[in-house]
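Heads up: the structure comes next, in structure tokens.
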2 protein chains.
Amino acid sequence: MLTKWLNLTVSMMSTEEKIFEAAFKVFQSKGFTGARMQEIADEAGINKAMLHYFFRSKEKLFEAVFLNAFGKLAPQVNEIFNSEDPLFEKIEKFVHSYISFVIDYPFLPQFIIQEMNNNPEFVAKFLKDEKRPNPSKLLKQIETEIGLGIIKPISPKQLLLDIFAMTAFPFAAQNLVKGIINISNDEFFQLMEERKIHISEQIINAIKK
Amino acid sequence: MLTKWLNLTVSMMSTEEKIFEAAFKVFQSKGFTGARMQEIADEAGINKAMLHYFFRSKEKLFEAVFLNAFGKLAPQVNEIFNSEDPLFEKIEKFVHSYISFVIDYPFLPQFIIQEMNNNPEFVAKFLKDEKRPNPSKLLKQIETEIGLGIIKPISPKQLLLDIFAMTAFPFAAQNLVKGIINISNDEFFQLMEERKIHISEQIINAIKK
DNA sequence: TCAATATTTAATCAATTTGTTAAATTTTTA
DNA sequence: TAAAAATTTAACAAATTGATTAAATATTGA
């Protein structure tokens, strides 16, 4: 987004950009059904009619925001998953890159998961997209490395789930986590920083021979 | 709930029970803002006015459903966390019990996490409840077992997060998971069955000395 | 410049949705 | 049994909310 590049202030953004960023913010915290067009307009500091002028409808605006959000994550996941690196290195790179990214967009995981569950018709739409996360190469690699005796026999899908779960869950369940283990926002992000190393260690310890 | 005890059919449930179960169902799949009072009434097979007759408002109805949902999970988590079992046994019991339970209520984790994020004011309300998940004893136990040389040095909070993440994430992100690793609903539940053993193995392998 | 085009606003519409009410029906109980 | 209480219904009120419109203002290009 242009504003990220040039660090522009709100006043220099185009109205369309202001709407988009406001919508991103509101949709993330309220979800599609919870979000209000008026709140997005207020957040953007413009008249509500502008939302429809630029994006036609709430659905269209949401779609733009959601696909953009998902499009931020998927490519870098794929780049790592489809590289020629050995498995352990891929795990380290994925965890590090995912957590670094999501620390900047802390509500993105929950947003994606939530809308994925509430609007299942949406799922189909971009699972066809070639940018979608595609773990098939990684799954084969896991089998190969088992065959080579590098790692213990293990279900590749379970391992993939482990990796996603360990990295994404704390962000997705952010408020629950903070409440249950009783930590502040700062402590949470400190914990997530540490987690970049922790997760790789845990998983590699568990599967290495 | 009475219907669980006696396995009664819908027609034998009291109206209040019918409403409650219908609300549980609709709130889970649509979330608070997405749920419609009319849809709950239809699902329960009663007149919409009954919802207000028994529960006054959508908020009250939701609160009843949400606290009940959370109340299903928390006590058994606490029972395991606060027992006198050694750590490895606790991990095995927790994972097994949590997954078994959640297989019967597959949308409960996503529901709780979602409403926790969307209605933060709700969080406070039952984090005071003595029934809330309280991991303090478990956290101390982890430190103790590290001191005794049973497990490797590790951050207790990270380990706790690992356990929650590995068990809860696949359910919370159900539709995303199914889409990305490309499996059917049946295959998903098969995978979750296998996961009861897999998770304990992974975690224990990672931390045992 | 000035006409054409794009942007913006305020007011309002139309549909949806939560909530109410008064009357009818059923159930309870004295 | 019959009065009292609880339950249920249909109709409607009130509020919310996504969307439209027509007019005003600003911008652009010939």
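What's counted below: heavy atoms across the whole structure, side chains too, no hydrogens, waters or symmetry copies. Just so we're on the same page: letters track the sequence lines, and every chain starts at 1.
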Seminar exercise, completed: To the nearest angstrom, the CG-P distance between Asp42(B) and dT9(D) comes to 12 Å

Problem set entry | Phe27(B) and Phe62(B): CA distance, side-chain angles, deciding distance, ring-ring contact (aromatic ring centres under 6.0 Å, His included) verdict | CA-CA 7 Å; Phe27(B) 278 135; Phe62(B) 175 79; 5.0 Å; yes

Exercise. Should Thr15(B) be listed as having a side-chain N or O under 4.0 Å from OP1 or OP2 of dT8(D)?
Worked result: yes

Set out, line by line, the N/O atom pairs under 3.5 Å between protein and nucleotides 13-15 of chain D.
none

Problem set entry | Carboxylate-amine/guanidinium proximity below 4.0 Å for Lys30(A) and Glu39(A) | yes

Exercise. Going by distance alone, is a donor N or O of one side chain under 3.5 Å from an acceptor N or O of the other, for Ser184(A) and Glu187(A)?
Worked result: yes

For this session: Using atom NE2 of His52(B) as one end and atom C1' of dT9(D) as the other, report the distance to the nearest whole Å.
Result: 15 Å

For this session: Take the protein atom CG of Leu51(B) and the nucleotide atom P of dG19(C), then report the distance between them rounded to whole Å.
Result: 10 Å

Exercise. When we call it a touch if two heavy atoms are under 4.0 Å apart, what does Ala41(A) touch: a base, just sugar-phosphate, or nothing?
Worked result: nothing

Problem set entry | Rounded distance (nearest 0.5 Å) linking atom CG of Asn134(A) with atom CD1 of Ile180(B) | 9.5 Å

For this session: Indicate whether any N or O donor in one side chain lies under 3.5 Å from an N or O acceptor in the other, for Asp42(B) and Gln38(B).
Result: yes

Exercise. Hey, does the Lys NZ or Arg CZ of Lys58(A) hover above the aromatic six-ring of Phe32(A), less than 6.0 Å from the centre and inside 45° of the axis?
Worked result: yes

Exercise. Which nucleotides of nucleotides 11-16 of chain C have their base under 4.0 Å from a protein heavy atom (B), which only their sugar-phosphate (S), and which neither (-), written as one string 5' to 3'?
Worked result: ------

For this session: Give the rounded distance in Å between these two atoms: CZ of Phe54(B) and C1' of dG19(C).
Result: 17 Å

Problem set entry | Closest-nucleotide 5' rank along DNA chain D - winner of Lys58(A) and Gly45(B) | Gly45(B)

Exercise. Looking across every strand, which nucleic acid part, if any, lies under 4.0 Å from Met50(B) by heavy atom: base, sugar-phosphate, or nothing?
Worked result: base

Exercise. Just how far, in rounded Å, is C1' of dT8(C) from NZ of Lys18(A)?
Worked result: 11 Å

Exercise. For Phe55(B), which contact category applies under a 4.0 Å heavy-atom criterion: base, sugar-phosphate, or nothing?
Worked result: nothing

Problem set entry | d(CE, Met13(B); P, dT7(D)) in whole Å | 17 Å

For this session: With the side chain of Tyr53(B) defined as its heavy atoms from C-beta on, choose the nearest nucleotide among dA19(D), dT20(C), dA6(D).
Result: dA6(D)

Problem set entry | Nearest-0.5 Å distance, CZ of residue Phe66(A) to CZ of residue Phe111(A) | 6.0 Å

Exercise. Under 3.5 Å, is there a donor-acceptor pair linking the side chains of Gln174(A) and Asn117(B)?
Worked result: no

For this session: Give me the one residue out of Lys18(B), Arg36(B), Lys25(B) that meets side chain to side chain donor-acceptor pair (under 3.5 Å) with Glu43(B).
Result: Lys25(B)

